[in-house]
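Model, not experiment: these values are computed from the prediction. First the proteins, then the strands, lettered A, B, ... as listed; each starts at 1.
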There are 2 protein chains.
Amino acid sequence: MKKYVNEAVCSVDYAFRRIGGKYKGRILWYLNDQTIMRYGKLRKALTDITPKMLTQTLRELESDNLINRRVYHEVPPKVEYSLTETGAELIPFINYLRIWGDKQIEKEKMESIKC
Amino acid sequence: MKKYVNEAVCSVDYAFRRIGGKYKGRILWYLNDQTIMRYGKLRKALTDITPKMLTQTLRELESDNLINRRVYHEVPPKVEYSLTETGAELIPFINYLRIWGDKQIEKEKMESIKC
DNA sequence: TATACTAGTATCTAAAAGCATACTATTGCT
DNA sequence: AGCAATAGTATGCTTTTAGATACTAGTATA
């Protein structure tokens with residue numbers, strides 16, 4: 001007996017579904033920092049991500065309209081990724097989270113020194 | 001050959017690990033709204049969450065120091081959950097996300113009407 | 001004696017997310 | 001002819017996350 005609840009329960013739920021996942025936050029953050037990044041560059045930035053995961057994650061972000069994918073029909077291939085306007089709207093939030101994270105990491109360090 | 005990378009790559013990664021998961025954002029949001037909630041109330045608020053998931057999620061939030069768990073030694077049992085200061089610091093961010101989510105949902109509705 | 005109340009546990013299963021590794025296509029260059 | 005360059009695919013596997021369902025403890029009250 002399966003329940004199909006593909007709809008978000010509320011807007012918090014909705015938003016978390018769009019930026020959850022291991023790499024999405026970081027990809028958006030890098031794209032904000034670098035403005036435009038090619039596939040290979042993203043791959044290096046996200047140390048050790050597999051090509052499958054990178055492609056998959058990028059496609060999800062694209063279909064959620066958070067990033068743009070621009071293909072140049074050249075050989076060797078060239079594909080550029082950048083934030084959409086909607087994606088850019090998430091940056092303040094990611095930045096907030098980043099600062100919060102920094103603070104917590106700092107706190108943890110302090111505590112480990114005490115012990 | 002396993003690589004143990006339990007450490008966060010960066011503060012964005014760190015933060016996402018603490019609030020990722022299907023229910024964490026909503027739990028924090030509800031606790032912010034209601035200030036204090038008992039187990040049973042949370043369970044009703046998160047429609048259809050299983051007790052196992054709820055307990056597990058609450059324990060994770062607790063061990064990450066985002067929520068307080070206060071046990072009254074009574075029968076029947078009474079346990080109250082509330083935000084810690086650190087957890088409360090995440091509220092503006094979740095609120096931002098919530099507003100963003102609302103806007104996107106609204107947009108999607110508009111588009112589906114067009115079709 | 002049986003039942004309700006509450007905050008969980010225990011056990012097993014299913015689905016999702018992520019990893020490892022090898023492979024492809026196209027063209028210019030040597 | 002063979003190789004480099006780039007943006008991926010393909011296949012199979014492991015790990016993590018989540019779901020289903022049944023059960024427990026201790027006391028008050030009917």
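- With sequence neighbours excluded, no residue satisfies salt bridge (charged side-chain N to carboxylate O under 4.0 Å, His left out) with A:Glu80.
- The CG-C1' distance, from B:Leu54 to D:dA20, rounds to 16 Å in whole Å.
- Atom C1' of nucleotide C:dA17 and atom NZ of A:Lys24 are separated by 11 Å, given to the nearest angstrom.
- Within the structure, salt bridge (Lys or Arg N to Asp or Glu O under 4.0 Å) contacts touching residues 85-100 of chain B (residues at least two apart or in different chains) are A:Lys103-B:Glu89.
- Using a 4.0 Å heavy-atom criterion, one finds that B:Tyr23 contacts the sugar-phosphate atoms exclusively.
- Take A:Asp64 and apply the salt bridge (charged side-chain N to carboxylate O under 4.0 Å, His left out) test, not counting sequence neighbours, and it matches A:Arg18.
- In this structure, A:Arg18 atom CZ and C:dA17 atom P are separated by 13 Å, rounded to whole Å.
- One atom, CG of A:Leu46, and another, P of C:dC19, lie 11 Å apart when rounded to the nearest Å.
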Residues 20-37 of chain A, side-chain donor-acceptor partners within the protein, below 3.5 Å, at least two apart:
from	atom 1	to	atom 2	distance (Å)
A:Lys24	NZ	A:Glu60	OE1	2.8
A:Gln34	OE1	A:Lys41	NZ	3.1

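- Protein atom NE2 of B:His73 is 13 Å distant from nucleotide atom P of D:dT27, rounded to whole Å.
- A:Glu74 meets the salt bridge (charged side-chain N to carboxylate O under 4.0 Å, His left out) test with no other residue; sequence neighbours excluded.
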Legend entry - Per-nucleotide protein contact string for nucleotides 3-10 of chain C (B base, S sugar-phosphate only, - none; heavy atom under 4.0 Å): --BBSBB-
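- D:dG8 atom C1' lies 15 Å from atom CE of A:Met53, rounded to whole Å.
- One interatomic measurement links the two molecules: CZ of A:Arg17 to C1' of D:dA18, which rounds to 13 Å at whole-angstrom precision.
- For B:Arg69, the CZ atom is densely surrounded, since the number of other residues' heavy atoms within 6.0 Å is greater than 12.
- Taking atom CD1 on B:Ile49 and atom P on D:dT21, their separation rounds to 16 Å, with Å as the unit.
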